[in-house]
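One structure is given here, and the rest of the page talks about it.
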Amino acid sequence: MGLLGDIIGKVKDKASIGKAALLSRNQNTAALRLTILRATTHEADAPPPDHHLAAILAAGDGPRSAAAVVIDVLMRRLHKTSSSTVAIKCLLSLHVIVRRGNFILHDQLSVYPATGGRNYLKLSDFRDNSSPTTWELSTWIRWYAKYLEQILSTSRILGYFLFSTSCSLEREKAKEIIASLLCKDLLREIDGLINVLEEVGKSPDCIHLEGNRLLLEVMGLVGEDYFTTIDEIVIRVEEFKERLSCLSFVDSVELVCALKRLEDCKERLNSLFELNGSGLVQDLWCLVSEMKDKVGEVQGSKEEKMVLSWGRFESARFGERVKPQDSVQFASNRFAFQFAYGEVVR
């Protein structure tokens with residue numbers, strides 16, 4: 001950003017902190033605002049301090065109004081700033097809330113704004129033209145916002161906050177009820193989880209930002225998300241493994257399409273994370289390959305049985321129509337054999 005940019009950023013931080021201290025009548029609210037401002041300063045290449053993040057998370061242990069203030073202040077700062085550093089720190093803070101926040105913080109995040117939907121964080125047009133570095137960092141911010149939006153969207157589908165350590169109980173319950181889900185609902189959940197992996201794979205390649213501490217922090221969290229997502233997918237694909245014999249043709253096609261999308265992510269994900277050789281990741285790719293083959297075999301067998309059944313049905317139906325006196329004499333046993341199995345020879 002340069003020396004001048006650093007000075008301007010520090011001046012802005014002090015002005016914002018001073019303004020927040022003066023205008024907040026409620027002492028608790030003022031403390032929360034100051035904590036967020038200090039966690040999201042203009043200081044380049046410095047992730048939000050752990051003690052400030054801990055204070056933000058602690059707001060969820062108090063009244064709902066405190067959690068509402070935290071989300072509101074973070075969102076307003078995120079949407080008003082033109083600084084790439086401030087924006088990515090706000091997104092990091094939101095990501096930490098997703099992973100480590102409690103139910104109250106999650107609830108406030110999920111309803112802000114009430115409409116939700118696509119472009120939830122409203123950063124698809126974010127640009128910081130201050131320098132070539134901030135311009136490149138802006139690419140990361142647009143992607144990171146889309147990634148967090150996808151997490152929120154998939155969490156709505158699953159019924160609990162994906163990656164949240166405080167939602168472990170809900171996740172255990174989900175494992176129990178997966179077996180009772182309709183195939184279409186199970187496919188919808190797998191689709192949402194694959195969307196997360198696909199978004200991970202779209203992370204920018206910005207060689208000029210290598211070693212940037214902010215981005216290292218981002219990818220550290222994303223890496224943890226990655227392995228959790230794989231675990232969630234494996235559980236659901238294994239459930240489909242138990243249902244292979246009773247899958248409809250439509251569900252089979254949709255499942256194979258989902259597995260193909262997963263395989264299309266493999267190469268990019270392998271290049272992003274060094275731990276792709278871990279047992280869990282290898283289990284996923286082996287399971288995907290196995291399931292694609294088995295679905296094809298099962299459906300092929302079903303189609304074969306269907307053809308044979310249809311042939312027998314046609315034969316029986318035709319036999320009812322033809323009376324003995326109207327029977328046709330065949331000069332060849334081959335044609336008689338074909339007729340007996342319902343084949344029409346012209």
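For clarity, every value in this text was computed on a predicted model and none was experimentally measured. Quick note: residue numbers are just sequence positions, from 1.
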Asp225 vs Ile151 side-chain heavy atoms within contact, under 4.5 Å: yes
Does a side-chain N-to-carboxylate-O contact under 4.0 Å join Arg261 and Asp191? yes
Closer than 3.5 angstrom, by distance alone: can the side chain of Thr228 be matched with the main-chain N or O of Glu224 as a donor-acceptor pair? yes
Working note: His95 + Tyr144, criterion ring pair (Phe, Tyr, Trp, His ring centres under 6.0 Å); need CA distance, chi angles, decisive distance, verdict. CA-CA 10 Å; His95 199 168; Tyr144 196 20; 5.7 Å; yes
State whether Glu263 and Lys292 are salt-bridged, where the test is any N-O pair (Lys NZ or Arg NE/NH1/NH2 against Asp/Glu carboxylate O) under 4.0 Å. yes
Lys/Arg N to Asp/Glu carboxylate O, Glu232 vs Arg236, below 4.0 Å: yes
Ser138 and Arg127: side chain to side chain donor-acceptor pair (under 3.5 Å), yes or no, with the steps? CA-CA 6 Å; Ser138 298; Arg127 299 285 189 285; over 6 Å; no
More than 12 foreign heavy atoms under 6.0 Å from CZ of Arg76: is that the case here? no
Assess whether side chain to side chain donor-acceptor pair (under 3.5 Å) is satisfied between Glu149 and Ser153, documenting all intermediate values. CA-CA 6 Å; Glu149 287 166 358; Ser153 177; over 6 Å; no
Look at the rings of Tyr147 and Trp143 and say which category their plane angle falls in: under 30° parallel, 30 to 60° tilted, over 60° perpendicular. parallel
Is Lys294 paired with Glu290 through a side-chain N to carboxylate O contact shorter than 4.0 Å? yes
Do Leu214 and Thr85 come within less than 4.5 Å of each other through their side chains, counting heavy atoms only? yes
Val200 side chain near Arg268 side chain, heavy-atom distance below 4.5 Å: no
Determine whether Phe161 and Leu105 make a side-chain contact, defined as any pair of heavy atoms from C-beta on separated by less than 4.5 Å. no
Answer yes or no: does atom CG of Asp50 have more than 12 heavy-atom neighbours from other residues, nucleotides or ligands under 6.0 Å? no
Decide yes or no for Val96 and Leu221: does some side-chain heavy atom of the first lie under 4.5 Å from some side-chain heavy atom of the second? yes
Derivation of the side chain to side chain donor-acceptor pair (under 3.5 Å) call for Lys89 and Thr41: CA-CA 8 Å; Lys89 287 182 180 182; Thr41 62; 3.1 Å; yes
Does CZ belonging to Arg188 count more than 12 external heavy atoms closer than 6.0 Å? no
Closest contact, heavy atoms only, Arg64 versus Asp107: NH1-OD2, 2.6 Å
